[in-house]
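By convention in this document, chain letters (A, B, ...) are assigned in the order of the sequence lines, proteins followed by strands, and residues within each chain are numbered from 1. When reading the values below, keep in mind they use all heavy atoms of this one structure, side chains included, and skip hydrogens, waters and symmetry mates.
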There are 4 protein chains.
Amino acid sequence: MFNSFGNILKVTTFGESHGTAIGGVIDGFPAGMEVNFEAIQNELDRRKPGQSKIVTQRKEPDTVEFLSGIFEGTTTGASIGFIIKNTNQKSKDYNHNTNVYRPSHADYTYDKKYGIRDHRGGGRTSARETANWVVAGALAKQLINHININAFTSSVGDIFINKPYQDLDFTKTESNIVRCPDTASADKMIEKINQIRKAGDTIGGTITCVAQNMPVGLGEPIFNKLHAELGKAMLSINAVKGFEFGSGFCGAKMQGSEHNDIFNEDGSTQSNLSGGIQGGISNGMDVYFRVAFKPVATIMKNQQTINSEGDLTEIMGKGRHDPCVVPRAVPVVEALAALVLADFWLLNKTRKI
Amino acid sequence: MFNSFGNILKVTTFGESHGTAIGGVIDGFPAGMEVNFEAIQNELDRRKPGQSKIVTQRKEPDTVEFLSGIFEGTTTGASIGFIIKNTNQKSKDYNHNTNVYRPSHADYTYDKKYGIRDHRGGGRTSARETANWVVAGALAKQLINHININAFTSSVGDIFINKPYQDLDFTKTESNIVRCPDTASADKMIEKINQIRKAGDTIGGTITCVAQNMPVGLGEPIFNKLHAELGKAMLSINAVKGFEFGSGFCGAKMQGSEHNDIFNEDGSTQSNLSGGIQGGISNGMDVYFRVAFKPVATIMKNQQTINSEGDLTEIMGKGRHDPCVVPRAVPVVEALAALVLADFWLLNKTRKI
Amino acid sequence: MFNSFGNILKVTTFGESHGTAIGGVIDGFPAGMEVNFEAIQNELDRRKPGQSKIVTQRKEPDTVEFLSGIFEGTTTGASIGFIIKNTNQKSKDYNHNTNVYRPSHADYTYDKKYGIRDHRGGGRTSARETANWVVAGALAKQLINHININAFTSSVGDIFINKPYQDLDFTKTESNIVRCPDTASADKMIEKINQIRKAGDTIGGTITCVAQNMPVGLGEPIFNKLHAELGKAMLSINAVKGFEFGSGFCGAKMQGSEHNDIFNEDGSTQSNLSGGIQGGISNGMDVYFRVAFKPVATIMKNQQTINSEGDLTEIMGKGRHDPCVVPRAVPVVEALAALVLADFWLLNKTRKI
Amino acid sequence: MFNSFGNILKVTTFGESHGTAIGGVIDGFPAGMEVNFEAIQNELDRRKPGQSKIVTQRKEPDTVEFLSGIFEGTTTGASIGFIIKNTNQKSKDYNHNTNVYRPSHADYTYDKKYGIRDHRGGGRTSARETANWVVAGALAKQLINHININAFTSSVGDIFINKPYQDLDFTKTESNIVRCPDTASADKMIEKINQIRKAGDTIGGTITCVAQNMPVGLGEPIFNKLHAELGKAMLSINAVKGFEFGSGFCGAKMQGSEHNDIFNEDGSTQSNLSGGIQGGISNGMDVYFRVAFKPVATIMKNQQTINSEGDLTEIMGKGRHDPCVVPRAVPVVEALAALVLADFWLLNKTRKI
């Protein structure tokens, strides 16, 4: 209810930014899958801090240790426990925040809700948690490796890729540090982020994700619609403010006669404004969606704020923070998408005799 | 996992459009609340077909019968069973669809997923299901009546209210048939829908919802963030394509220095781009979000499609359908918001010793 | 958490003894099963009041109405809603109990827990609820009709069948009104119950249940062991005080060298003190267990008790009650066993790639 | 569904006997409790191997490391991750078992269910898992420290304490190595176990558990009856074959007139055959129950068995095993009882407005 995600394939996580370790338990993973550990570490490396000049300069190796559920390289059906040790916590960077509520962070709400807060590096609110999700998602990707999941940066601030995703070459996403498969846009985005970073500010952006080679039938039609679970997953990522799939908010301006996806004889559709999902169930077309990220709340500028006594004070970001969260969030979006799809793929084995 | 929603306060539903009845079970509702039955029926009336000229002209009284869990007008803590009888199923209007897959409906995906489909009036895929949610939501509203939840039509096609919600008078929402509290916009929206209806077409729109007088502390910070559950709930509504809260997709274009909500001494914030939620937990400011609805897929125009044998054929909408789903979806959005908030309100009683 | 049972195949129920109807929602039932409605009604008839002289003489037809999830006789994968109307509530028989706490009933605990109680006929505490379970279990039986589930009365008071179940002919269980396949014991049990009934008293007993033709692999080994879920299910039945499987409490007196089940070459075992379950997982041998029922608390004798004000008073059972709950509980035990096995059977489809 | 236990207070575990570590995540634990770490370690010490001459002579320190959810000694409301490192795995003792199915163990069922098995020391089937439960239960005990939970060995083989629990002094339970508060019986039990151990055999036994100073109102009356959850919990412990509460199996021989618990004016009852639970809800009287453990399956004697190829072979126990599991299971029973009670205690905060 709190720190778990998924139905059959369920991930339960723990860990604070500056504790000993973060980690989790992956439950319901089927037995018999040979694990590609290198692929998992590769996903973690895509998310890790310090990987380029446009992300936080913290250095954390983010090495996952699996503690159970895998025997001689193969999943056993038992729960998969794992930890990622926290190796580089410059706590002194955060000490000044002990008592002060950072604007648009969760310090205030945690304090009010729980009456206590691990303030070190954001504690449980830190996006460090998403490393756990990347581990679980990397395993899920291997389970449903017949589905291709590709996320990419589709905008930074007001710089958008002005092409449909069908015109993009996803193999280029990793060719640049902003993870935008459109090279021209990528250059502008990187420049933008650099400029923002130098100004001590931060900037928002969007990520688009496309799942291709989808089977028909994933998703449950009432309260576990495929897009509703994808939406919930994406809205769980730190800094996310919106989710749309298929035609999304644009679809709300359209008429039925232009929005309907006309069938071809083979059951595919001529257009795909439905985003590959009808009635909550995948129809075999590409599933695609877009996720909005607000600018990171920690800025290197002076801001007025209050402390836990309710006194006005000032705060100025220290430490090493991301000027734009989007490049590092790309593997997180993929990971959660993989978890949702793998869960529904397993669930679907039980829906018909 | 399939037809249930909520954690502590859980709603489980059933029912097809043209079966004997729809209904559900509301579990986890606390004992001791005196039920206002009139208020429940009033919510159902806001959703019911045939209420105005811009919605479907089907006539269904949608009277809820409570079968359990309420004794002498007060909730007992036992599960609350209820049914809404289906009284007006013109099945002949739908018989021509038996074998034909309506474009952008769920006929195809249901058939492929389950191998069988109750085709009468959309069966389980019908938005008639949302009447169940309205019943449960109306009870939830009474449970958390210290919170004010107001949804309204914020756009129809390209007609938007051009005002922040703070400038609107929510008492006017029910004063017009499109449920837009801005009377001038309402007139344009109604005219637009009428015009679309006459053309045999349909149109999309958006609903904005605002929860005021929020307590601090609702929501759980990792996988049950308040906005993630709200998003999942809204994405469960038929025809929804997107969800955003607070600054939403606009926030993705902004810089941290303009997006951060600066605290006042009392813990309130000067701006509220956070949408009343920080780290997944309510901060006491208004919670507000926007939901995008695509145009209804059933249009009164000829469309090419296929049947279950994969033969090309044509289909033309018959029956009595909504030209725009938004006016009737307003109480549905409120109902689901109330369920989410009531669930978190109950859950929050367990989070601190 | 409250009124639901099962994981994939989940039953959620509602209803009070003297409300309009009881009923429930069966969720997760796979699509494509042709329903034998007669078989379901037959199970309800085995449980219904008034079926013989040794059970309560209330007359209730207990006819189930399915409201959804079944189309043209076949399950669709949608949730199956059903109700059983309450037709024969002699409320006046119960009116004298309004304010009085019946000894060893749940009146007192309900009042203290919820602050309110539907006192009519026991309200939600009535074993009438088990009719809901019989409906769901009858469907589950059809889903896993390759497994044979047979429960029977194995003792009434101190009258026990003195034979291993292997020596019994289960086809004789329904040949007598006490549902004991050993005819000689059955006669004694019936006589015992008659004598108890005439004395205005009640008596306890045990039911043994055997599942034969079991597949290997049902059950999940840590917190969802097959026997743990069976135990929980049986302990949910009104009046149950104990559960044992395989060697049970006798096993606690034995030594390992006599208790171990030695394997045959085909994986079957020479003895079956394990009760067909090892490490929580079925091993293909018969699963068998025994359930203890206390005597019904309502007796036709004067008892001292208190009322809700804490005043001492007297109570004497009126109405029409069972002198021994065991004969009518036999189909309930089978129903719950079927639900547990069907749930694990579905779940098992997801546990191996 | 697999490795999780509890509703609000949920424990999810992982770990194999001979992996790097076992551990788990405790979710839903309320914020604000000061943790007594010494008390937790003390519970682990009660369970640990090598503590006396009548238990396995393996030496494992079983030190728990908390990784999250506790800040400066106080719970924060965040999930509590923990691990217990495996320090003493004499894998060579187990290597001879790689391919051989030990009688009445779970080797065969795991292999058949999952197609793969971590055979080292029993892997996931090892009772080492119960150390995880003891950690979680020790925290739960502190949360509900107003309730006194005492388990003790009530029989070993055919040696029973012949006294009601009311005549026992629970402070003596830890005064002897078999954990029996009746010193005379304890001596006989210890002698019995010693004799069995020398014979290379094993023996079963029972544990009785009593929860005193119970609040009224814990438990949910339909599918989460207090005794049903206690039963499920106990049946999850390795080697358990039966569970009874209150009058238990004896109650099945009794008449209503002798079984009913007559109320006193204060709501307490003169007798307590109900075991402190009526209608699934605690009534404030002592909750007590009894758990049956079979003899440990690993014996130091030659037994016929089969290997994974289905060939007949022989096996003889090696390694260091418990001749009787009961003394070390006493803290495990208490831990699970505490988890069930704490979960219901939290849940009960939501059941009445």
Taking all heavy atoms of B/Thr350 and all of D/Lys349, pick out the closest pair and write down the distance. CA-CD, 4.4 Å

Where B/Lys352 and D/Pro30 come nearest, the two heavy atoms and their spacing: N-CB, 3.8 Å

With a 4.5 angstrom heavy-atom cut-off, which part of D/Ile222 approaches chain B: side chain, backbone, both or neither? neither

Does CD in D/Glu34 sit with more than 12 non-hydrogen atoms of other residues, nucleotides or ligands closer than 6.0 Å?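 Check fails, neighbour count at 12 or below.
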
So D/Ile8 and B/Ile8, do their side chains get closer than 4.5 Å, heavy atoms only?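 Result yes, sub-4.5 Å side-chain heavy-atom pair found.
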
Is a side-chain N or O of B/Arg351 found less than 3.5 angstrom from the main chain of D/Ala31, in a donor-acceptor match? no

Measure the OG1-CD1 distance between B/Thr74 and D/Ile353 for me, rounded to the nearest 0.5 Å. 8.5 Å

